[in-house]
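One structure is given below, encoded as structure tokens.
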2 protein chains.
Amino acid sequence: MSSPAASADQPAVWIYDTTLRDGAQREGLSLSIEDKLRIAHKLDALGIPFIEGGWPGANPKDVQFFWQLKEEPLQQAEVVAFCSTRRPGKAADTDPMLQAILAAGTHWVTLFGKSWDLHVVEGLQTTLEENLAMIGDTIAFLRSQGRRVIYDAEHWFDGYKANPDYALQTLGSALAAGAEWLVLCDTNGGTLPHEVGQIVADVQAWLQTQTHHSEERGTPQLGIHTHNDADMAVANAIAAVQQGATMVQGTINGYGERCGNANLCSVIPNLQLKLGQPCLPPERLQSLTETSRFVSELANLAPDDHAPFVGLSAFAHKGGIHVSAVEKNPKTYEHIAPDAIGNRRRIVVSDQSGLSNILAKARNFGIELHKQDTASRQLLNRLKELEHEGYQFEAAEASFELLMREVLGQRPSFFELRGFQVHCDNLPSEAHWKTRSLATVKVAINDQEILEAAEGNGPVSALDRALRKALANFYPAIANFHLSDYKVRILDGRAGTDAKTRVLIESSNGHQRWTTVGVSGNIIEASYQAVVEGLEYGLMQQAHPLASCDIPSTQLGDNPSTPVT
Amino acid sequence: MSSPAASADQPAVWIYDTTLRDGAQREGLSLSIEDKLRIAHKLDALGIPFIEGGWPGANPKDVQFFWQLKEEPLQQAEVVAFCSTRRPGKAADTDPMLQAILAAGTHWVTLFGKSWDLHVVEGLQTTLEENLAMIGDTIAFLRSQGRRVIYDAEHWFDGYKANPDYALQTLGSALAAGAEWLVLCDTNGGTLPHEVGQIVADVQAWLQTQTHHSEERGTPQLGIHTHNDADMAVANAIAAVQQGATMVQGTINGYGERCGNANLCSVIPNLQLKLGQPCLPPERLQSLTETSRFVSELANLAPDDHAPFVGLSAFAHKGGIHVSAVEKNPKTYEHIAPDAIGNRRRIVVSDQSGLSNILAKARNFGIELHKQDTASRQLLNRLKELEHEGYQFEAAEASFELLMREVLGQRPSFFELRGFQVHCDNLPSEAHWKTRSLATVKVAINDQEILEAAEGNGPVSALDRALRKALANFYPAIANFHLSDYKVRILDGRAGTDAKTRVLIESSNGHQRWTTVGVSGNIIEASYQAVVEGLEYGLMQQAHPLASCDIPSTQLGDNPSTPVT
């Protein structure tokens with residue numbers, strides 16, 4: 001990778017992703033080595049130039065990660081190892097933590113050091129001079145081992161406000177020892193954009209007065225690393241770029257400790273689409289939304305539907321009024337074109353939906369429906385009734401299509417439900433908390449009754465298996481359908497265990513995915529409804545292969561699951 | 001309410017809350033009239049000066065809201081009715097929508113009008129001149145009826161960029177007709193802070209050149225209304241205030257369409273604690289966190305634990321290292337004091353927890369535990385095991401306390417579980433989808449076995465009732481315990497119906513609330529575990545009334561339920 005000088009091939013701003021290290025520090029987030037490798041490859045495909053993989057000196061799992069990555073190297077991104085300075089009073093070249101960093105075998109290393117005198121004295125419990133030496137020695141050592149170094153100036157803004165001279169001395173130490181990037185970190189996350197702008201401008205001015213340590217590497221550059229404690233992480237990153245920073249460190253979906261890091265899914269489109277500062281190769285930008293969802297899925301975190309740019313609702317238009325306006329001239333209501341980042345406009349069907357929304361949806365499903373048809377109004381009324389009961393079709397388009405076809409008398413009938421029973425028992429003589437579940441299901445196909453029983457890990461699993469057993473002979477295709485996601489939401493938790501439950505099930509046949517919904521005060525019943533509709537819809541797809549489904553095949557990528565709410 | 005001139009009693013920046021109107025447009029959010037009234041009173045208690053209640057001319061439910069509010073008026077806040085301009089070519093005084101606005105009987109009315117020529121011509125399909133008349137006539141009419149008027153200039157920033165002269169004419173029309181506030185709205189949400197700052201400065205300069213329409217009301221002021229489509233809503237609001245805006249319109253928790261509105265839970269502390277611009281009476285600021293959670297609960301939306309300032313994780317410290325540092329000198333790691341806004345520091349217990357975190361938690365629970373005790377290490381190991389199975393104690397502190405006491409041999413035994421059975425059946429001769437649930441539970445108390453059966457809306461409800469029946473004679477206190485929240489999370493949805501489930505149950509005895517957790521591949525079993533521990537913990541509290549619980553009584557307020565994840 002060449003030095004960061006402006007050229008036709010180089011980004012204007014270098015994106016540095018720390019999802020795997022800083023992002024992984026989010027409460028409740030835990031990534032396996034396999035997850036991290038998959039994410040690294042996904043970020044590489046997106047065109048992210050720097051991917052911070054972890055801290056091999058502190059986390060054994062990270063050592064594994066860097067070694068495994070060598071077996072399937074990235075195509076274009078540089079993977080970076082993260083570490084701290086040597087310890088006070090110790091030498092860098094005998095520090096085992098630094099040995100582990102070198103063993104990770106990356107070209108680039110990011111080192112963080114203290115910028116705030118308070119932290120040096122109270123936190124590290126050492127002298128201001130020793131801290132400068134720790135920074136300089138560690139970088140010099142890494143450089144002597146052939147590594148290129150990025151320096152993260154921890155607590156930069158608080159440190160600069162408290163003691164600007166000392167803070168600049170810490171940067172000077174990093175610069176003199178050969179760091180190519182000086183990244184100013186708002187570690188506590190409380191700085192405001194106008195302060196960030198001013199301080200970055202000051203540092204930029206200072207940088208111009210410094211002798212370039214390494215002529216062949218070009219002028220050292222400034223970077224920015226922000227946190228969202230004041231709800232300003234993205235604004236602070238942009239403010240820094242506007243004062244000359246050419247690297248932004250952040251995470252996908254803004255994951256991170258406390259309130260998170262700068263959300264790259266917002267930083268990138270703001271820079272590239274609004275500020276004329278390209279970061280990713282132009283054709284890669286449209287993979288941003290898919291990357292966001294891929295990461296949330298591997299992280300096993302619900303995607304934020306209201307996330308700027310990439311959220312499911314980011315371009316969701318509700319209410320009859322401006323739906324027609326936005327279709328005619330999108331610019332009236334959309335600040336950017338959703339497909340620029342791989343998202344799409346959604347017409348929201350809700351109990352506030354006008355007829356125009358229903359008709360637009362019917363068109364999507366390939367169903368003939370006109371404003372003047374009585375069925376349209378019937379459908380609208382049925383929709384409002386069901387939504388009042390707790391059904392939500394925004395995320396369950398397959399169920400909505402089935403509903404639409406039912407009202408229009410076009411819903412195919414593959415089987416008739418004739419009842420079910422499910423029994424769970426927990427016996428004290430077994431190992432503690434071992435509960436068996438047994439279900440029986442009766443269906444009728446062409447008036448022939450079929451009764452099947454099955455066991456399962458739980459009641460819903462038992463019902464699902466029993467139902468499949470019952471249908472298997474008539475519909476062998478269901479062997480290819482499997483559930484790829486199962487979500488439960490309690491609709492009115494304050495009703496305690498009497499609360500209504502809404503279950504969403506995502507099914508897949510390997511090519512397409514579709515989502516169905518069930519609602520009931522009985523969680524088993526709600527789950528069963530969604531399972532039954534999932535199988536029905538799958539069978540309907542088999543019969544009419546080009547009917548719509550909610551996930552366009554272009555978004556399938558290498559990960560068959562796309563999260564829905 | 002006096003005119004907005006600076007004085008000791010007046011805020012520097014007037015907060016205008018539109019949670020009940022703009023916030024309610026969020027997908028999936030639906031507030032009953034009762035919910036809206038409770039929220040309005042809560043915002044009033046927080047000290048918010050303006051509360052936009054709805055659009056009575058467009059929504060029948062809003063008409064009800066304004067009328068019911070008269071029966072229990074707010075203490076200090078002004079409630080505001082929202083409306084549009086009269087229709088093109090029609091008169092204001094005969095417009096039924098405006099009649100409904102007047103009937104709402106508010107002192108203040110907020111009117112929105114078009115600032116962008118494109119919207120006037122393509123959207124409203126009228127002339128630029130007629131639009132100016134629509135704005136002026138409507139405001140003049142409202143003023144003639146004794147209302148004070150706030151003018152929301154819709155699509156302001158896009159409109160000003162496209163045709164600044166026309167945009168300023170629309171403002172001029174509002175000003176001349178008597179609007180006291182001119183609120184610049186970034187309706188599409190795509191403007192950046194430096195642009196907002198520049199444009200607001202331009203408008204401020206223009207405003208200085210205008211004749212004050214109404215001398216007795218003082219100088220008309222500028223306000224700002226932002227949306228989060230570029231992840232800049234809060235930054236844009238602050239940038240506008242820094243250029244002289246003295247009103248910020250936003251919502252609690254940033255609720256709103258698409259990516260939401262400016263989050264007042266971030267705007268307020270940034271203004272009041274960082275920029276020296278008081279918005280709320282100083283003693284009210286500490287109610288901000290509680291207000292945030294109150295609103296998310298009534299909205300039936302999961303609280304954002306990672307929200308800046310008010311999120312559960314906003315001041316969560318993980319990892320042994322800096323926990324001790326932050327306790328010694330909070331400023332090293334916290335950008336503001338959490339209790340300034342009613343939040344609190346949390347020491348996060350997780351599988352990355354060092355011993356110091358466990359010890360800190362034990363102290364919270366009033367349990368004697370020292371680093372050198374073998375039990376500490378046992379506890380740490382047991383914790384890691386359970387977390388590996390899917391248990392999460394961050395949000396289930398009562399279960400964590402029970403676990404701690406169990407490892408230390410201090411867990412009281414109130415009853416012994418001797419097994420359960422639950423049976424659901426769905427019979428085809430009943431109305432479609434009617435499922436009965438029956439449970440039997442066996443427990444032993446002092447070696448006496450008790451077997452009880454109960455029916456319920458669903459399997460978990462049936463089990464809960466059967467268990468309570470079994471315990472009621474020995475422990476009459478459980479009649480006072482009820483479940484106040486029930487949450488289910490599928491841990492690995494990709495495993496479909498075989499997925500592990502984690503259930504969180506919040507229980508209450510009227511004074512305190514506590515949360516317990518259960519994990520299993522069987523959703524009934526997971527729920528039962530959490531129910532059982534909830535009852536156990538409640539009984540333990542009865543026996544030792546000052547033992548800790550996870551929600552301090554000072555946060556109870558008038559709404560007994562505080563959401564947890």
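Chain letters run A, B, ... following the sequence lines, proteins first, then strands; residues in each count from 1. Here the structure is a predicted model, which is why all the values come from computation and not from measurement.
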### Query
Which pair of heavy atoms, one from B:I524 and one from B:N522, lies closest together, and at what distance?
N-OD1, 2.8 Å

### Message
Looking at chain B, which one of A:G311, A:S527, A:A526, A:P459 has the largest number of heavy-atom pairs inside 4.5 Å, strictly under?
### Response
A:P459

#### Entry: Spatial distance of atom CG (A:L504) from atom CD (A:E506) [nearest 0.5 Å]
9.5 Å

### Message
For the interface with chain A, which of B:D231, B:D304, B:D425 has the highest count of heavy-atom pairs at distances below 4.5 Å?
### Response
B:D231

### Query
Just how far is it from atom CG of A:N270 to atom CZ of A:F309, taken to the nearest 0.5 Å?
4.0 Å

### Query
Side chain, backbone, both or neither: which part of A:S437 has a heavy atom under 4.5 Å from chain B?
side chain

### Query
Checking heavy atoms, do the side chain of A:N263, its backbone, both or neither come under 4.5 Å from chain B?
side chain

### Query
Is there a donor-acceptor pair closer than 3.5 Å between any side-chain N or O of A:Q421 and the backbone N or O of B:N426?
no

### Query
In terms of heavy-atom pairs under 4.5 Å with chain A, which of B:G521, B:C424, B:S266 leads?
B:C424

### Task
Could you look at A:E195 and say if it's the side chain, the backbone, both or neither that has a heavy atom under 4.5 Å from chain B?
neither

### Task
Would you mind checking which part of A:D464 comes under 4.5 Å of any heavy atom in chain B, side chain (CB onward), backbone (N, CA, C, O), both or neither?
side chain

### Query
Should B:E257 and B:R26 count as an ion pair when the cut-off is N to O under 4.0 Å?
no

### Query
Between B:V531, B:V460, B:V267, B:V422, which residue shows the highest count of heavy-atom pairs closer than 4.5 Å to chain A?
B:V422

### Message
Less than 4.5 Å to any heavy atom of chain B: does that hold for the side chain of A:I238, its backbone, both, or neither?
### Response
side chain

### Query
For chain A, which of B:G419, B:G458, B:S313 has the most heavy-atom pairs under 4.5 Å?
B:S313

### Query
Which atoms of A:H482 come close to chain B, meaning under 4.5 Å heavy atom to heavy atom: side chain ones, backbone ones, both, or neither?
neither

## Note on the structure
Interface check, chain B: of A:E416, A:H335, A:R418, A:K442, most non-hydrogen pairs under 4.5 Å belong to A:H335

### Message
Using heavy-atom distances under 4.5 Å, tell me whether A:A307 contacts chain B through its side chain, its backbone, both, or neither.
### Response
backbone

### Message
For B:L275, which atoms come within 4.5 Å of any heavy atom of chain A: side chain, backbone, both, or neither?
### Response
side chain

### Query
Are the aromatic ring centres of A:H306 and B:Y255 under 6.0 angstrom apart?
no

### Task
Please report the closest heavy-atom contact between A:A230 and B:K274, naming both atoms and the distance.
CB-CE, 4.1 Å

#### Entry: Interface residue of largest heavy-atom contact number with chain B, from A:L438, A:T187, A:N188, under 4.5 Å
A:N188

## Note on the structure
Scanning both residues in full, the closest heavy-atom pair of B:P308 with A:N228 reads CG-O, 3.3 Å

### chain A contact via B:Q242 - which portion, at a heavy-atom distance below 4.5 Å
side chain

### Message
Using heavy-atom distances under 4.5 Å, tell me whether A:H227 contacts chain B through its side chain, its backbone, both, or neither.
### Response
neither

### Heavy-atom pair of closest approach, residues B:M232 and A:V234
CE-CG1, 4.0 Å

### Task
Could you have a look at B:F315, B:F420, B:W116 and say which one has the most heavy-atom pairs with chain A under 4.5 angstrom?
B:F420

### Task
In plain terms, say whether A:E122 and B:K328 are close enough for a salt bridge, that is, a side-chain N and a carboxylate O under 4.0 Å apart.
no

### Task
Indicate whether any N or O donor in one side chain lies under 3.5 Å from an N or O acceptor in the other, for B:D186 and B:T191.
yes

